[in-house]
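What follows is a set of notes on a single structure, which appears directly below.
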There are 2 protein chains.
Amino acid sequence: MSESFQRETRQRRAIRRVLLDSSRPLTPEEVQELGQRHVPGLGLATVYRNVKLLADEGWLAQVELPGSPVRYELAERPHHHHFVCHACDQAFDVHGCPPKVESMAPEGFQVESHDIILYGLCPTCT
Amino acid sequence: MSESFQRETRQRRAIRRVLLDSSRPLTPEEVQELGQRHVPGLGLATVYRNVKLLADEGWLAQVELPGSPVRYELAERPHHHHFVCHACDQAFDVHGCPPKVESMAPEGFQVESHDIILYGLCPTCT
DNA sequence: ATATGTGCAAACTCTTTGCATGGAG
DNA sequence: CTCCATGCAAAGAGTTTGCACATAT
């Protein structure tokens, strides 16, 4: 019943470091590759376990963009959505949010959260 | 180089029927289950093959909702979005769309399309 | 000393593919 | 009669889990 205690391991620290240092959301595989610069033997299973743990703790947010593998980014950021560029396939943050998004649901549906994804061309690819 | 000819099989007809009769996007597994009412032995591989074929033809649209398996719906339908129930994991159509969604993009981003996904509880699971 | 964390490999899930048989044309 | 389509089972990709050992506390 006590919350499980979190140990400070080299691999866990490496994983946090990698995500702190990244300016974009990373896939588990990317986290592993980058993390191995700090901890050479870093296993993919360990990345998955920790990334999931950190997401459950609320430290990371899962970014699931249709058609791409799941990515993770720091959760600290304020509510935002993503813009995906068709050309370079990168994801960008989009701030703000239409006021009545959640009132779109039909009668009887309880909305708890929402995602908005914009697609198009980023300034660089225009 | 001639386009491969399409045969009218019982399973192919069942798969089309199931998707025509559905008011919501269906996963391949759901298509199989519903299709087996028409063709008992309907195999999942057959569903995958046909659904992919129909999507390539433009008759079906792929609906990729973060966190759920891919779903398919008729391509002809008017602009709409989706609601995903946390409990039963089914996807439902949501009509309408906030007016200024596409103006959320920062300067310099050319928006071409967008997705909105609502999450919560459907009437049955409330 | 103790129990959590890790690495490895096996298990799982979802999807695709190879092959022999079935059936549309 | 021809070939395409199907069903089955095996193969792949991505993710999770079981287990024995390592290690943070």
Side-chain angles (χ1 to χ4, degrees), chain A residues 1-19 25-57 59-73 89, chain B residues 1-19 25-57 59-73 84 88-91:
Chain A
M1 40 134 289
S2 59
E3 353 209 292
S4 62
F5 187 82
Q6 299 261 126
R7 293 183 181 179
E8 184 66 11
T9 62
R10 287 175 312 134
Q11 17 288 84
R12 188 160 289 162
R13 188 178 311 118
I15 289 166
R16 270 200 249 94
R17 166 66 45 88
V18 160
L19 283 148
L26 300 175
T27 64
E29 202 174 302
E30 287 171 327
V31 172
Q32 182 189 30
E33 282 163 22
L34 293 167
Q36 287 183 342
R37 296 180 188 172
H38 303 280
V39 181
L42 182 62
L44 190 51
T46 298
V47 171
Y48 273 103
R49 278 186 283 235
N50 277 288
V51 128
K52 192 177 188 204
L53 196 75
L54 291 168
D56 288 346
E57 281 176 6
W59 194 79
L60 285 181
Q62 255 195 6
V63 179
E64 298 185 85
L65 301 171
S68 323
V70 179
R71 293 161 191 276
Y72 293 87
E73 65 181 3
D89 209 44
Chain B
M1 47 137 293
S2 62
E3 354 209 290
S4 61
F5 186 81
Q6 300 260 126
R7 291 181 182 179
E8 184 66 12
T9 61
R10 289 175 311 134
Q11 19 287 86
R12 187 161 290 162
R13 188 180 310 119
I15 290 166
R16 270 200 249 92
R17 165 66 46 85
V18 159
L19 282 149
L26 299 175
T27 63
E29 202 174 301
E30 287 171 327
V31 173
Q32 182 189 29
E33 282 163 22
L34 293 166
Q36 288 184 341
R37 296 179 187 172
H38 304 281
V39 181
L42 183 61
L44 190 51
T46 298
V47 172
Y48 273 102
R49 278 187 281 236
N50 277 288
V51 127
K52 190 176 189 205
L53 197 75
L54 292 167
D56 289 345
E57 283 176 4
W59 194 79
L60 286 181
Q62 254 196 6
V63 179
E64 298 186 84
L65 302 172
S68 324
V70 179
R71 292 182 164 83
Y72 294 86
E73 64 181 5
V84 179
C88 64
D89 210 46
Q90 286 187 322

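Quick note on labels: first sequence line is chain A, next is B, and so on, each numbered from 1.
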B/S/- contact track for nucleotides 17-25 of chain C, protein heavy atom under 4.0 Å: BB----BBS
Roughly how many Å is it from [atom1] in [X] to [atom2] in [N], rounded to a whole number?
X       : N      : atom1 : atom2 : value
B:Glu30 : C:dT15 : CD    : P     : 12 Å
A:Arg16 : C:dG5  : CZ    : C1'   : 13 Å
A:Gln32 : C:dC8  : CD    : P     : 10 Å
A:Glu57 : C:dG5  : CD    : P     : 10 Å
A:Gln62 : D:dG14 : CD    : P     : 16 Å
B:Leu42 : D:dC8  : CG    : P     : 10 Å
A:Ile15 : C:dG7  : CD1   : P     : 8 Å
B:Leu53 : C:dT16 : CG    : C1'   : 15 Å

Kindly give the heavy-atom pair with the smallest separation between [X] and [Y], and that separation in Å.
X       : Y       : result
A:Glu73 : A:Pro25 : OE1-CG, 3.8 Å
B:Leu19 : B:Trp59 : CB-CZ3, 4.4 Å
A:Ala14 : A:Gly35 : CB-O, 4.2 Å

Tell me, do A:His38 and A:Arg13 make a side-chain contact under 4.5 Å, heavy atoms counted? no
Within a strict 4.5 Å, meaning less than it, do heavy atoms of the A:Arg71 and A:Leu26 side chains meet? no
Sequence neighbours excluded and cut-off under 3.5 Å, please list the side-chain donor-acceptor pairs for residues 42-55 of chain A, or say none.
{"unit_1": "A:Asn50", "atom_1": "OD1", "unit_2": "A:Arg12", "atom_2": "NE", "d": "2.6"}
{"unit_1": "A:Asn50", "atom_1": "OD1", "unit_2": "A:Arg12", "atom_2": "NH2", "d": "3.2"}
{"unit_1": "A:Asn50", "atom_1": "ND2", "unit_2": "A:Thr46", "atom_2": "O", "d": "2.9"}

Please report how far the helix from C:dA1-D:dT25 to C:dG25-D:dC1 bends, comparing the axis fitted to its first five pairs with the axis fitted to its last five, to the nearest 10 degrees. 20°
Would you indicate which nucleotide in C:dG7, D:dG7, C:dC14 comes nearest to any side-chain atom of B:Glu29? C:dC14
Taking atom CZ of B:Arg16 as the centre, does the number of heavy atoms from other residues, nucleotides or ligands within less than 6.0 Å exceed 12? yes
Could you measure the distance from the CG atom of B:Leu34 to the CD atom of B:Glu29? Nearest 0.5 Å is fine. 11.0 Å
